[in-house]
Amino acid sequence: MEGSTTESDSGDSSSESFSFEDIAAEVSQYVARNQRATNTRLFSFLALLNKYIPRSYLMMHECRQILGPPDPIYGGPPFEERMEPFTRLIFTTGLVGPDQLVHMNFAHEAVDLLANCKISRSTIMKNLMDFHSGYQDESHTMQVIKHLLTNREIKGTWKCKFSSLIEDMKNENIYNAVSVLEAASDTFPQFPNFPQTLSRLHYLNGETDYGKAEKWAKIAIKRAPYNSYVADTLGQVHKHRLLKSWNREAVLKVAEMAFRAFKDVEQKAMREEGQEMMDTPAASNSKSFNNRGHFGFIQVAKIVFEKLNRIRNPHLLTNLRIKQEVKDKFDFFEWYLTYSMPDRNSLEPPYFWKDVAVCYEYYTTNTAAKSTSFAGLLDKLRSWKGSYAELQSPEITQSDLEKIQEDLGRTYKGDSTDVEKAEKYILSNITLSNKIPNAPQLVSVRKLRTILLKFLMIDARHQSPEFYLLVMLLFWPENQQQDGEEEYVAQQTSDDNGSEPIELPIDLPQHVTLMKTAFDSKYDKFLRGRYLLPLFLLGKGCGLNKWVHKSRLDQILEESPLTKASEPRWVREEVIEMWSSGKVWKNSHIRAILLPVRVLQSQPLEEDKPDEVLVWIGGNQMIVTRDQPDAQVPKFVYLGFTIEGPVAFSADMFVE
């Protein structure tokens, strides 16, 4: 351990136990007298690398290059001898071909010692970059340099503003950080990361310089003209400048530049492909869709509204283009946050949805809580959505849901050929049923099926993922249906034209495939890399009552002895952890309301598809994706439905 007595690792050049204090005085005296010595330089490189990237290394051939002649190969002294008095702090381990990896112990103490000897972090970093100026992007050392200067740690839901090294340089002297990043930008002109970080340093530093921030952001964009994440930096420069602008002319001018920059981010993000398409000629690739153009636009619109409202200038507040953009962005984030999370372990930052909802209300006078879009209706059932709870919207009551169902029913009957109106009317009944199972005004499943079948007869293959989700919910077999019995549904058409009911078979596996195809077409680009939330799970009831919205499970978890004594924020984090770890299925109240489904096969369907299981559903074999695949195929699963299709959660250990 650093800072205490330690045994050297396996492969260490010395097996002796010692503490840093044992040799600190000797090392300090040597460094003070030999600041420019090649072994001091190598020692400083290893110290810096291991302090900020633990267990990082240099290759032995790189170390010998740094030390220079005479090389041991040609009769020079061995590496260990040349590195005195630092040898006891350095060790070699592992082989890569003929080359050893060189590490260092006590890196934190060594960096502080060097600083006391007037060898600062910035000096070491400049020397390291100078030595490696000819290295290519794919080299190990080049990746280490990029990591040191640009890698930002994530702490909880927050991402640090800069790398740990840059933060420490700022604490030494802000100009040290600036000079290092300028040197990196000049030394490695092919990389956008360094000018991008330099731009951020200029607009986030206490002594802001927006002119320089804009200059470096544009240099970064020139180096990576198709990368949406690099383009976002210019939008952030203008957004932060807008925060410091107060007179009308400045607000309007800077806002327009910010809007243009974030629209550019949005357009570039739309052209980017997922990393699975790395071999295609796409302009840029990223594992997830970059939502910063959408969100940046929202933030700028919100700032502009608040500033112009204060100076009583409504110029931009009634701008129809901005108003429509805000509406579009609100629609985007409504389904984006309802259908998915960044990953299975985290939510968006606390301010995220709040900024979207507040901006939407500014420009439309409508509140997010009153939305009756498909995603908005689903959200009526949720106990929280990221920071949604922080908006403190009044709880949705039975009368609210009844009023929504009544209004959407009236809207659908006014135009029964509109599939989206039909979808929302059907979903309003499902949400009402979830909240109040015996509500007197609920429409029967048979009538809701009839509405959906009308659209299936017209065009069964080109509907939305939301449409196919409703097909799953309405036509899923009842528990009492016997294996092998085919699911038939009577289409009641007599209300429309007096004809007799028609019997139609529903091929659920086919509609699962259609749902996946529809998802790929509509949402895959935007939700790639994110965790798709199960919206409903299969329960033990019948009719609409067999569908359990995820919020019911969340509520059970929130009220469990493990969480109910916590603050709301910690409750949310604990509930997320229960889902990601599988502890959710240990809750006896949850197991009591969900229906386990038997898996038909005991081995993975195919070696390259361990994430799929085969289940028997209403006389049909159906392949279902597993939420968290592992080597063992479960005997039982709980079924949930994301906006992509059915998903299986292992229920083995909890089913008798």
Side-chain angles (χ1 to χ4, degrees), residues 334-335 338-339 371-382 396 398 400-478 487 489-493 495-496 501-502 504 506 508 511-512 514-515 518-519 522 534-539 541-551 640-643 645-646:
E334 189 174 43
W335 57 255
T338 297
Y339 296 157
S371 170
T372 56
S373 66
F374 195 96
L377 289 171
L378 282 173
D379 211 60
K380 300 288 184 286
L381 299 176
R382 300 184 69 175
I396 299 297
Q398 175 177 345
D400 293 330
L401 291 175
E402 289 174 342
K403 178 70 164 52
I404 290 170
Q405 185 241 28
E406 182 181 335
D407 291 343
L408 290 176
R410 191 181 304 110
T411 302
Y412 163 68
K413 290 171 184 175
D415 185 3
S416 60
T417 62
D418 188 315
V419 66
E420 290 187 5
K421 292 176 181 176
E423 289 169 356
K424 292 198 291 184
Y425 177 50
I426 293 170
L427 184 59
S428 70
N429 281 275
I430 295 172
T431 56
L432 179 60
S433 171
N434 256 261
K435 202 79 170 179
I436 307 98
N438 299 314
Q441 67 186 86
L442 280 172
V443 176
S444 69
V445 173
R446 192 178 188 87
K447 289 183 178 179
L448 296 178
R449 285 173 167 177
T450 299
I451 294 172
L452 213 55
L453 274 169
K454 179 172 61 178
F455 294 100
L456 277 173
M457 291 182 66
I458 296 171
D459 188 358
R461 293 183 171 272
H462 301 94
Q463 301 289 355
S464 68
E466 288 83 355
F467 181 90
Y468 295 116
L469 174 63
L470 294 178
V471 171
M472 299 295 113
L473 300 184
L474 292 184
F475 295 109
W476 202 263
E478 299 296 343
E487 172 75 354
V489 180
Q491 183 196 8
Q492 298 288 353
T493 59
D495 290 342
D496 296 328
I502 304 171
L504 291 175
I506 294 296
L508 283 175
H511 285 86
V512 167
L514 291 173
M515 186 175 182
F519 171 86
K522 186 174 182 180
L535 305 173
F536 291 94
L537 293 99
L538 180 62
C542 59
L544 296 183
N545 291 336
K546 68 175 172 284
W547 296 112
V548 181
H549 190 267
K550 179 179 179 291
S551 63
F641 288 84
T642 71
I643 196 61

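Note: hydrogens, waters and symmetry copies are ignored here, and every other heavy atom, side chains too, is used.
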* To do: Give a yes-or-no answer on whether the side chains of Gln441 and Glu406 include a donor-acceptor pair shorter than 3.5 Å.
  => no
With the side chain counted from C-beta on, respond yes when [X] and [Y] share a heavy-atom pair under 4.5 Å apart, and no when they do not.
X	Y	value
Val471	Phe455	no
Thr417	Lys454	no
Phe374	Leu470	yes
Ser464	Val419	no
His511	Met472	yes
Trp476	Phe536	no

To the nearest 0.5 Å, tell me how far [X] [atom1] sits from [Y] [atom2].
X	Y	atom1	atom2	value
Leu427	Leu432	CG	CG	11.0 Å
Thr372	Asp379	OG1	CG	12.5 Å
Ile643	Phe519	CD1	CZ	8.0 Å
Met515	Glu466	CE	CD	8.0 Å

* Asked: Is it true that Asp407 and Arg410 have a side-chain N and a carboxylate O under 4.0 angstrom from each other?
  -> yes
* Asked: Stepwise, does the side-chain contact (heavy atoms from CB on, under 4.5 Å) test hold for Leu377 with Leu408?
  -> CA-CA 11 Å; Leu377 289 171; Leu408 290 176; 3.8 Å; yes
Flag, side chain of [X] to backbone of [Y], donor-acceptor distance under 3.5 Å:
X	Y	result
Lys546	Gly543	yes
Trp547	Leu473	yes
Ser428	Ile404	no
Lys421	Lys413	no
Asn429	Gln405	no
Lys380	Gly376	yes
Lys424	Thr411	no

Please give me the minimum heavy-atom distance between [X] and [Y], naming the atom from each residue.
X	Y	result
Asn545	Ser433	OD1-OG, 3.1 Å
Pro437	Leu442	O-CD1, 3.4 Å
Asn434	His549	OD1-N, 2.9 Å
Phe467	Glu423	CB-OE2, 3.2 Å
Leu401	Ile436	CD1-CD1, 4.3 Å
Pro465	Lys522	CD-CD, 3.8 Å

* To do: Taking salt bridge (charged side-chain N to carboxylate O under 4.0 Å, His left out) as the test, write out the residues that go with Arg461, two or more places apart.
  =>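 Expected list: none.
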* Any pair counted as ring-ring contact (aromatic ring centres under 6.0 Å, His included), so long as it reaches residues 405-454, sequence neighbours left out ->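 Listed by first then second residue: Tyr412-Tyr425.
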* Give the intermediate values and the outcome of side-chain contact (heavy atoms from CB on, under 4.5 Å) for residues Leu378 and Trp335. => CA-CA 9 Å; Leu378 282 173; Trp335 57 255; over 6 Å; no
